[in-house]
Each structure stands twice: as structure tokens, then as C-alpha cells.
Amino acid sequence: MSRRSVVLLGSTGSVGTQAVEVVQANPGRFVVTGLAAGGSDPQTLAEQAAALGVGSLAVADPRAVDAVRDALEGLTSSHHGWSAKAVEVLAGADAAAVLAARPADVVLNSITGALGLAPTLAALEAGTVVALANKESLVIGGPLVQTARLRPGQIVPVDSEHSAIAQCMRSGTHSEVRRLVLTASGGPFRGWSLDRLAHVTPAQALAHPTWSMGPVVSVNAATMVNKALELIEAHLLFDVPLDQIVVVVHPQSVVHSMVEFVDGATIAQASPPDMHLPIALGLGWPDRVDDSVSPCDWSTPTAWTFEPLDEDVFGAVRLGRAAAAASATHPAVLNASNEVCVEAFLAGRIGFLDIVATVEQVLAEHDGTPARRVRLDDVLGADAWARARTAELFGRT
């Protein structure tokens with residue numbers, strides 16, 4: 001089996017650093033040819049380049065280039081021919097997209113937020129397989145991403161839920177699928193009332209009981225906005241109607257999602273809550289990577305529980321379903337408004353419940369563009385409008 005060349009986007013984030021670990025554990029399977037990051041952690045980016053022998057870096061913040069160069073200086077690598085001085089450093093908002101368009105077998109996109117759309121489109125248009133951990137690419141640019149795909153199977157999901165569904169789908173044909181069942185841990189506030197949620201602090205929202213994630217994703221898990229985005233992503237990835245996708249709370253986070261088939265069988269994918277498995281599968285798809293994680297321990301008593309999601313308390317999933325049904329640009333508005341709200345919440349400017357309430361108001365004000373005529377400018381315009389409108393609403397509170 002020949003080694004696959006890989007470009008890692010968002011390499012210094014949670015998924016990115018774990019992807020580096022997967023590559024380092026499997027040097028005979030993968031070789032990294034490019035790394036991209038925002039620029040907030042130049043030392044880690046430089047050390048990754050040296051450890052992997054990477055010759056091309058992309059940094060979104062041009063102001064970070066000098067810091068990256070300084071961090072590279074003096075580093076050595078066990079990779080033959082690697083020189084810190086010879087490392088190419090691309091800079092700017094489009095740097096990751098430039099890197100993603102270059103020849104590679106797989107581009108793993110783990111950039112956080114709407115900034116991940118352009119690199120996804122660039123990689124798809126280049127004919128490269130995209131291991132997608134940036135759910136916003138599909139959420140905000142669904143029709144554009146679908147059009148950019150040059151062949152079936154060019155997008156491989158890396159989110160644990162969608163990776164699980166992709167694995168379960170191997171058990172039957174598309175026409176045999178009755179429902180997709182997305183599992184949710186319930187986050188740190190499972191079982192809480194609206195009254196209790198009104199007093200949530202940023203520190204509480206960031207304390208996820210199962211997963212270790214970045215601040216935006218952690219808050220999204222607490223509000224359940226992440227499940228709204230994942231529902232939209234599942235709808236687009238697997239071509240299953242919105243009303244045939246349900247969310248079930250599973251606090252143990254061992255069953256990552258399920259597929260229910262027309263004969264009554266439900267196929268579940270279970271593994272410990274560890275992102276190394278879906279990352280490795282995303283890089284190696286359709287082949288599995290040996291020993292990506294330790295399997296479930298069947299030698300000790302254990303119990304898994306499932307319960308319905310209380311959408312009266314956590315209304316974000318309802319908003320996601322409605323946004324995806326409304327127009328091609330409503331999901332972009334949902335995502336953009338939420339990103340602004342999360343930033344404001346973490347800064348102490350709004351309350352926890354204000355996040356979903358504000359997103360709902362901004363969605364209600366958006367006219368929308370039909371999928372049949374949506375363009376990138378429409379998506380970007382909706383994104384910009386939603387951010388401005390959300391910020392304007394904060395000014396009135």
C-alpha cells in the first residue's frame with residue numbers, strides 16, 4: 001500500500017494536533033506535504049513542520065509570519081533534506097485555500113468556522129479527497145460544495161457522528177435507509193431547565209463532560225448548536241431528508257451515531273470517545289488504520305443510556321432543521337450569527353440563552369436565496385449580513 005500525501009488544515013487545533021499524532025503513528029501510510037493554521041501558535045506550527053518534514057506552511061494572519069520564521073529557526077528534522085530556512089510560508093486569508101488546491105491525495109480540513117469553506121472548495125475543484133472536519137463548509141456552502149464535487153465519495157466525514165453514519169451505511173443500500181440517528185452527549189447542561197441555563201457562565205459552558213475541544217465548539221456543544229449544524233451536514237452528506245434525521249441524547253458518547261433501516265434493523269458504531277479513530281479513517285478511507293484507538297472494554301460491566309432531546313429547552317436543533325428547509329443561505333446566517341454570539345458570550349457581553357434567541361431572530365429577518373441560483377457571493381453576503389445584524393442587536397440590549 002503506497003503512502004498517501006496529506007495536507008492538514010487547522011493543524012494546531014484539537015483535531016489538527018490529533019491528526020499529526022495519527023500520521024506520526026503510521027509513517028508507512030501517510031506523509032504530510034503541507035500545514036495550515038491561523039497563526040496564533042507559531043511555535044507548535046513550526047515544531048509540526050520539523051517533526052513531519054513539511055516544506056510548505058500557510059498562515060492566515062500575515063502578522064504571524066515573522067513569529068513562524070523565528071520559531072522555525074534552529075529547528076532540525078529527522079527527515080532527509082528538510083531545512084527550516086527552505087520552508088515556504090504562505091500568508092493571508094486565502095493561504096489555506098492556495099495550499100489546499102495543490103496536488104495531494106487527501107486534504108484534512110479542520111479549520112474552525114466559516115473560514116473553512118474556501119479551502120474545501122479549492123481542494124474539491126482540484127479533484128482531491130477532502131477529509132472534512134469543518135462542518136461549516138457544508139452548512140454554509142452546501143449547494144456550492146455539492147457542485148464542486150467532481151465524483152462521489154470525494155468528501156469523507158471526520159466528525160465522529162458523520163464518520164459513524166458513513167460506517168453504518170455500509171450495512172445496506174441508500175434506498176434501504178429509514179432514518180439517521182445522531183447521538184448527542186447532552187453537553188454540560190443535560191437535564192437543566194431554562195431557569196438554570198439563564199445563569200450559565202462561560203467557564204461552565206466550556207467544561208464539556210466528555211470531549212476536549214476548542215472554545216467555539218465547546219459552547220456549541222453546550223447550546224446544542226453543534227447538533228443543528230451536524231443535522232444539516234448529515235442531510236447534505238448522505239442525501240437523507242431532514243425529517244428522517246433525529247437527535248438522541250447519549251451521555252456516554254460511546255455510540256457515535258446510528259442508521260435505522262427499513263426492515264427495523266438499527267446499525268450503531270461504537271468506540272471510546274476519541275477522535276483519533278474518525279481522523280484516521282478520514283485519512284485512510286475506505287481502509288481502516290490499525291489500532292487507531294483502544295476498543296471498548298467488554299470485560300467489565302457497563303451501561304449505555306439513550307433519551308430524547310428536550311427541544312423546548314434546547315431549541316437549536318429545531319432552528320437548524322428550519323434553516324436548512326428555508327433556503328440555501330439560511331444555514332449560513334445561522335452559522336454566522338452563532339459565531340458572533342459565541343464570541344460575545346465568552347466575552348461576557350450576552351447571556352447563555354441570548355445565543356440561540358438572537359440566532360432565531362436573525363434567521364427570521366433573512367429573506368434567503370434558493371439553492372438553484374445560489375452563488376458564492378450570496379453565501380458570503382448572507383454571512384456578512386448576519387454578522388453585522390447580530391452585532392447590531394447586541395448594541396440594542
Side-chain angles (χ1 to χ4, degrees), residues 1-35 44 47-54 77-79 104-110 128-135 153 155-171 182-183 185 208-214 217 237 250-259 267-304:
M1 183 181 296
S2 61
R3 289 203 300 174
R4 289 187 176 180
S5 57
V6 177
V7 171
L8 299 180
L9 309 180
S11 68
T12 61
S14 175
V15 171
T17 53
Q18 291 176 87
V20 170
E21 293 168 358
V22 169
V23 170
Q24 290 178 313
N26 297 275
R29 294 285 298 271
F30 309 112
V31 57
V32 177
T33 59
L35 297 169
T44 295
E47 290 173 356
Q48 289 176 338
L52 299 170
V54 176
S77 174
S78 61
H79 291 262
D105 294 316
V106 183
V107 170
L108 187 148
N109 186 354
S110 64
T128 307
V129 170
V130 175
L132 190 61
N134 171 258
K135 61 174 60 71
I155 298 178
V156 180
V158 172
D159 277 347
S160 64
E161 296 84 357
H162 302 92
S163 176
I165 291 171
Q167 294 173 67
C168 294
M169 293 280 275
R170 291 180 170 186
S171 296
L182 287 169
T183 56
S185 71
H208 196 279
T210 308
W211 298 96
S212 176
M213 305 173 292
V217 180
L237 273 173
H250 169 54
Q252 295 79 22
S253 298
V254 177
V255 174
H256 295 284
S257 277
M258 300 174 273
V259 176
I267 306 298
Q269 187 267 317
S271 59
D274 188 320
M275 282 300 295
H276 288 87
L277 189 151
I279 291 168
L281 195 57
L283 296 178
W285 186 269
D287 301 320
R288 294 186 179 274
V289 178
D290 291 358
D291 301 316
S292 297
V293 297
S294 298
C296 295
D297 182 3
W298 307 109
S299 64
T300 59
T302 187
W304 301 339

Engineer: Show your working on side chain to side chain contact (heavy atoms under 4.5 Å, CB included) between Val259 and Ser171 and close with a plain yes or no.
Structural biologist: CA-CA 9 Å; Val259 176; Ser171 296; over 6 Å; no

Engineer: Give, for atom CE of Met258 and atom SG of Cys168, the distance between the pair rounded to the nearest 0.5 Å.
Structural biologist: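 Going from the CE atom of Met258 to the SG atom of Cys168 covers 8.5 Å.
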
Engineer: Do Arg4 and Trp285 form a cation-pi contact, if we require the NZ or CZ to be under 6.0 Å from the six-membered ring centre and within 45 degrees of the ring's axis?
Structural biologist: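 Negative - Arg4 is either too far from the ring of Trp285 or too far off its axis.
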
Engineer: Does any N or O in the side chain of Thr17 come within less than 3.5 Å of the main-chain N or O of Gly13, such that one atom is a donor and the other an acceptor?
Structural biologist: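 Answer holds: yes.
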
Engineer: What are the two closest heavy atoms between Trp304 and Ala270, and how far apart are they?
Structural biologist: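 Residues Trp304 and Ala270, closest heavy atoms: CH2-CB, 3.8 Å.
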
Engineer: Is it true that a side-chain atom of Gln48 and a backbone atom of Leu35 form a donor plus acceptor pair closer than 3.5 Å?
Structural biologist: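 No; judged by distance alone, with no hydrogens or angles, the pair does not exist.
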
Engineer: Where is the tightest heavy-atom contact between Arg3 and Pro27, given as atom of each residue plus distance?
Structural biologist: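 Looking at all heavy atoms of both residues, the closest pair is CD-O, 2.9 Å.
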
Engineer: Tell me if a side-chain donor or acceptor on His256 pairs with a main-chain N or O of Thr183 at a distance below 3.5 Å.
Structural biologist: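 Between the backbone of Thr183 and the side chain of His256 there is no qualifying donor-acceptor contact (under 3.5 Å).
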
Engineer: Between atom CD of Gln167 and atom CD of Gln269, what is the distance when rounded to the nearest 0.5 Å?
Structural biologist: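 So the gap between those two atoms works out to 4.5 Å.
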
Engineer: Got a second to check how far Arg29's CZ is from Asp290's CG, nearest 0.5 Å?
Structural biologist: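 Interatomic distance, Arg29 CZ to Asp290 CG, rounded to 0.5 Å: 7.0 Å.
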
Engineer: How far does CD1 of Ile279 sit from CG of Leu8, to the nearest 0.5 angstrom?
Structural biologist: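 If I round to the nearest 0.5 Å, the distance is 9.5 Å.
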
Engineer: Look up atom CD in Gln252 and atom SG in Cys296, then write down how far apart they are to the nearest 0.5 Å.
Structural biologist: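 Rounded to the nearest 0.5 Å, the CD-SG separation comes out at 11.5 Å.
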
Engineer: Is there a side chain to side chain contact (heavy atoms under 4.5 Å, CB included) between Leu108 and Val15? Walk through the geometry before answering.
Structural biologist: CA-CA 10 Å; Leu108 187 148; Val15 171; 4.2 Å; yes

Engineer: Got Val158 and Met275 here, is their nearest side-chain heavy-atom distance under 4.5 Å?
Structural biologist: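 Yes; the side chains approach each other to less than 4.5 Å.
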
Engineer: Could you check whether any side-chain N or O of Ser292 sits under 3.5 Å from a backbone N or O of Val289, counting only pairs where one atom can act as donor and the other as acceptor?
Structural biologist: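 Side chain of Ser292 to backbone of Val289, a donor-acceptor pair under 3.5 Å: yes, one is there.
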
Engineer: Given 3.5 Å as the limit, does a donor-acceptor pair link the side chain of Ser257 with the main chain of His162, or not?
Structural biologist: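 Not a single qualifying donor-acceptor pair exists.
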
Engineer: Does Ser5 reach the main-chain N or O of Asp105 with its side chain, forming a donor-acceptor pair under 3.5 Å?
Structural biologist: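 Yes, Ser5 side chain to Asp105 backbone: donor-acceptor pair under 3.5 Å.
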
Engineer: Report yes or no: does Ser110 contribute a side-chain atom to a donor-acceptor pair with the main-chain N or O of Leu9 at less than 3.5 Å?
Structural biologist: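 Yes, Ser110 side chain to Leu9 backbone: donor-acceptor pair under 3.5 Å.
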
Engineer: Taking atom CD1 of Ile155 and atom CG of Leu132, what is their separation to the nearest 0.5 Å?
Structural biologist: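 Rounded to the nearest 0.5 Å, the CD1-CG separation comes to 6.0 Å.
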
Engineer: Please step through side chain to side chain contact (heavy atoms under 4.5 Å, CB included) for the pair Val23 and Leu283, ending with a clear verdict.
Structural biologist: CA-CA 9 Å; Val23 170; Leu283 296 178; 4.2 Å; yes

Engineer: Which pair of heavy atoms, one from Ser253 and one from Ser185, lies closest together, and at what distance?
Structural biologist: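 Reported closest heavy-atom pair: OG-CB, 3.3 Å.
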
Engineer: Considering all heavy atoms of both residues, which atom of Ile165 and which atom of Leu182 are nearest to each other, and what is their separation?
Structural biologist: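 Looks like CD1-CD2, 3.8 Å.
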
Engineer: Which atoms form the tightest heavy-atom contact between Pro157 and Leu237, and what is the distance?
Structural biologist: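 That would be CB-CD1, 3.9 Å.
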
Engineer: With distance as the sole test, does His250 use its side chain to make a donor-acceptor pair with the main-chain N or O of Val255 at under 3.5 Å?
Structural biologist: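 Checking the backbone N and O of Val255 against the side chain of His250, a donor-acceptor pair under 3.5 Å is found.
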
Engineer: Under a 3.5 Å distance rule, please check whether Asp274 uses its side chain to pair with a backbone N or O of His276 as donor and acceptor.
Structural biologist: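 Yes, Asp274 side chain to His276 backbone: donor-acceptor pair under 3.5 Å.
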
